[in-house]
K.L.:
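Below is a structure I'd like to ask you about.
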Amino acid sequence: MSDSGFPFNSPHADVILKSSDGVNFRVRKAILAETSSVFDGMFSLPTEQSAEADGAGTPALQVVDMTEDSATLEGFLRLCYPADVCTREPTFEEVSMWLVASRKYQMDRMERHVVHTLREFIATSPLRVYCLAVRYQLGEDLVRAAARGFLDQPIQVAYGHVPELDGMDTAAYARLLDYHNRCSAAVQQILSDPATAFQGGVWSKRCWLLCHSERNDFRFRSSSTHVFCTLGTLSDGALHATRASLWFCQFMDRCRALAKEQPSGKEVSSESTIARALLDAGKCDYCRDQAWDDMHAFAQILARTIDLAIKMVQCSYLTYLHDSPD
Ligand SMILES: [Zn+2]
């Protein structure tokens, strides 16, 4: 048995919450009653005063045995005590336990804080956030944001085990995988036929399209011997087969392969994906000078177009994603 540190060791406390691992948290009933309707009800009931008293004759405080361990209890008590700020970032497991506690003790304010905090875990643990958001019906916004974050990670993540899957409805999990497939198909469509997806100068003025037609002028302007890139075909089911520099066709091939697993604008526009294309473009005397600007500009547009297509899929399946088994 031990006592918690500040501010849960106050001599002015009027109740002790005892954690499952034997730590005493001396707190004020009024503060807990304000944040939890369960505590509010509990403290409004008449209590049996302990016969034990300390040496000064002061009655011993009421002790409430809690099922939560001290780490969980401290986490959510800090949220109840507005004057005290926890400077350490909570772990996902801690936030998850706060969620369970906030439901159990009907702490609406804490649940809002949990939803807000869970958003910060979408970038690193989207599947775990999705599972909790669906299971505890934490709102459409969080479900959608977690599903969207899920696309930014390799699909292998979906086949790895996370603890939250244990309590997950299989239909909700299947919906997430189906959403992934739908987004992947939408992105493949853009990548398979860029000449249709991108119009005007955004597409037609790029070095990978001009290299073939302008290389003769380029050769004429300079007397030295030049090396140019070979041509490839941007097709793969496209309506319009377009001839372009092979290094760019290979870039689009890689984007298509990437998008099957990770249908989002994040990876296709990453510096590593662009750098690989630039390495090949650098071998062509015509493409070399323009490729850096063209690739960075195009990759940004490509990423935005992909993200917009994903948004459209999500809009169509808004209720579909949000359907809860509960
Ligand atoms: Zn070239």
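Basis for what follows: all heavy atoms, side chains included, without hydrogens, waters or symmetry-related copies.
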K.L.:
For A171, give me all partners under side chain to side chain contact (heavy atoms under 4.5 Å, CB included), at least two apart in sequence or on another chain.
P.N.:
D169, R175
K.L.:
For E261, does its backbone N or O pair with a side-chain atom of H180 as donor and acceptor, under 3.5 Å?
P.N.:
yes
K.L.:
When the ring centroid of W247 is compared with that of Y286, is the distance short of 6.0 Å?
P.N.:
no
K.L.:
Of all the heavy-atom pairs spanning M110 and W98, show the shortest one and how long it is.
P.N.:
CE-O, 2.9 Å
K.L.:
Would you say K260 and R256 make side-chain contact, with heavy atoms under 4.5 Å?
P.N.:
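A side-chain contact is absent here, since even the closest heavy-atom pair is not under 4.5 Å.
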K.L.:
Could you tell me whether E267 and R254 have a side-chain N and a carboxylate O separated by less than 4.0 Å?
P.N.:
no
K.L.:
With respect to L234, which candidate in C249, S192, S245 satisfies the side-chain contact (heavy atoms from CB on, under 4.5 Å) definition?
P.N.:
C249
K.L.:
Any side-chain heavy atom of V129 within less than 4.5 Å of one from F92?
P.N.:
yes
K.L.:
Is the count of non-hydrogen atoms from other residues, nucleotides or ligands lying under 6.0 Å from Q250 atom CD greater than 12?
P.N.:
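For Q250, atom CD is crowded (more than 12 foreign heavy atoms under 6.0 Å).
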K.L.:
Are any of the side-chain heavy atoms of P90 and T117 separated by less than 4.5 Å?
P.N.:
yes
K.L.:
Would you say Q106's side chain and S36's backbone share a donor-acceptor pair under 3.5 angstrom?
P.N.:
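Pair absent, no side-chain N/O of Q106 close to backbone of S36.
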K.L.:
Do L246 and C229 make a side-chain contact, defined as non-hydrogen atoms from C-beta onward lying under 4.5 Å apart?
P.N.:
no
K.L.:
Are K205 and D294 close enough for a salt bridge, meaning some N to O gap below 4.0 Å?
P.N.:
no
K.L.:
Is H296 reaching over with its side chain to a backbone N or O of W292, donor-acceptor style, under 3.5 angstrom?
P.N.:
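Yes.
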K.L.:
Is the side chain of Y105 donor-acceptor paired with the backbone N or O of L32 at a distance under 3.5 Å, no angle test?
P.N.:
no
K.L.:
Identify the heavy atoms of R28 and D14 that sit nearest to each other, and give their distance.
P.N.:
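Closest approach of R28 to D14: CA-OD1, 3.1 Å.
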K.L.:
For the ring pair F198 and F298, is the centre-to-centre distance below 6.0 Å?
P.N.:
yes
K.L.:
Is the H116 ring parallel, tilted or perpendicular to the H113 ring (thresholds 30°, 60°)?
P.N.:
tilted
K.L.:
Kindly say whether V227 contributes a backbone atom to a donor-acceptor pair with the side chain of D285 at under 3.5 angstrom?
P.N.:
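Present.
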K.L.:
Just by distance, do the side chain of S269 and the backbone of G265 share a donor-acceptor pair under 3.5 Å?
P.N.:
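Confirmed, S269 side chain pairs with G265 backbone.
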K.L.:
Taking side chain to side chain contact (heavy atoms under 4.5 Å, CB included) as the definition, give me every residue that meets it alongside T35, ordered by chain and number, with sequence neighbours left out.
P.N.:
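Testing T35 for side chain to side chain contact (heavy atoms under 4.5 Å, CB included), a comparison that skips the adjacent residues, returns C80, M107, R109.
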K.L.:
Could you check whether any side-chain heavy atom of L61 comes within less than 4.5 Å of a side-chain heavy atom of V15, counting everything from C-beta outward?
P.N.:
no
K.L.:
So, R103 side chain and Y136 main chain: donor-acceptor pair closer than 3.5 Å or not?
P.N.:
yes
K.L.:
Are the charged groups of D307 and K311 less than 4.0 angstrom apart, N to O?
P.N.:
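K311 and D307: not salt-bridged.
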K.L.:
Check whether the side chains of E164 and Y130 place a donor and an acceptor atom closer than 3.5 Å, and report yes or no.
P.N.:
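Y130 and E164 do not have a side-chain donor-acceptor pair below 3.5 Å.
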K.L.:
Determine, using the 4.5 Å side-chain heavy-atom cutoff (strictly less than), whether L191 and I274 are members of one ILVMFWY cluster.
P.N.:
yes
K.L.:
Okay, side chain of S184, backbone of A259: is any donor-acceptor separation there less than 3.5 Å?
P.N.:
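Yes; judged by distance alone, with no hydrogens or angles, the pair exists.
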K.L.:
Side chain of S20, backbone of E68: donor and acceptor closer than 3.5 Å?
P.N.:
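Answer holds: yes.
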K.L.:
Does a side-chain heavy-atom distance below 4.5 Å link S19 with M66?
P.N.:
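No, every pair of side-chain atoms sits at 4.5 Å or beyond.
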K.L.:
Can you tell if the side chain of F251 reaches within under 4.5 Å of the side chain of L278, non-hydrogen atoms only?
P.N.:
no
K.L.:
Considering residues, nucleotides and ligands other than E34, do more than 12 of their heavy atoms fall under 6.0 Å from its CD?
P.N.:
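No, not enclosed.
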K.L.:
So, applying side-chain contact (heavy atoms from CB on, under 4.5 Å) with F121, which one of V95, T91, L132 is it?
P.N.:
V95
K.L.:
Flag yes if more than 12 heavy atoms outside R288 fall under 6.0 Å of its CZ atom; otherwise flag no.
P.N.:
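Atom CZ in R288 is packed in, count exceeds 12.
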K.L.:
Less than 4.5 Å apart, any side-chain heavy atom of V162 and any of L165?
P.N.:
yes
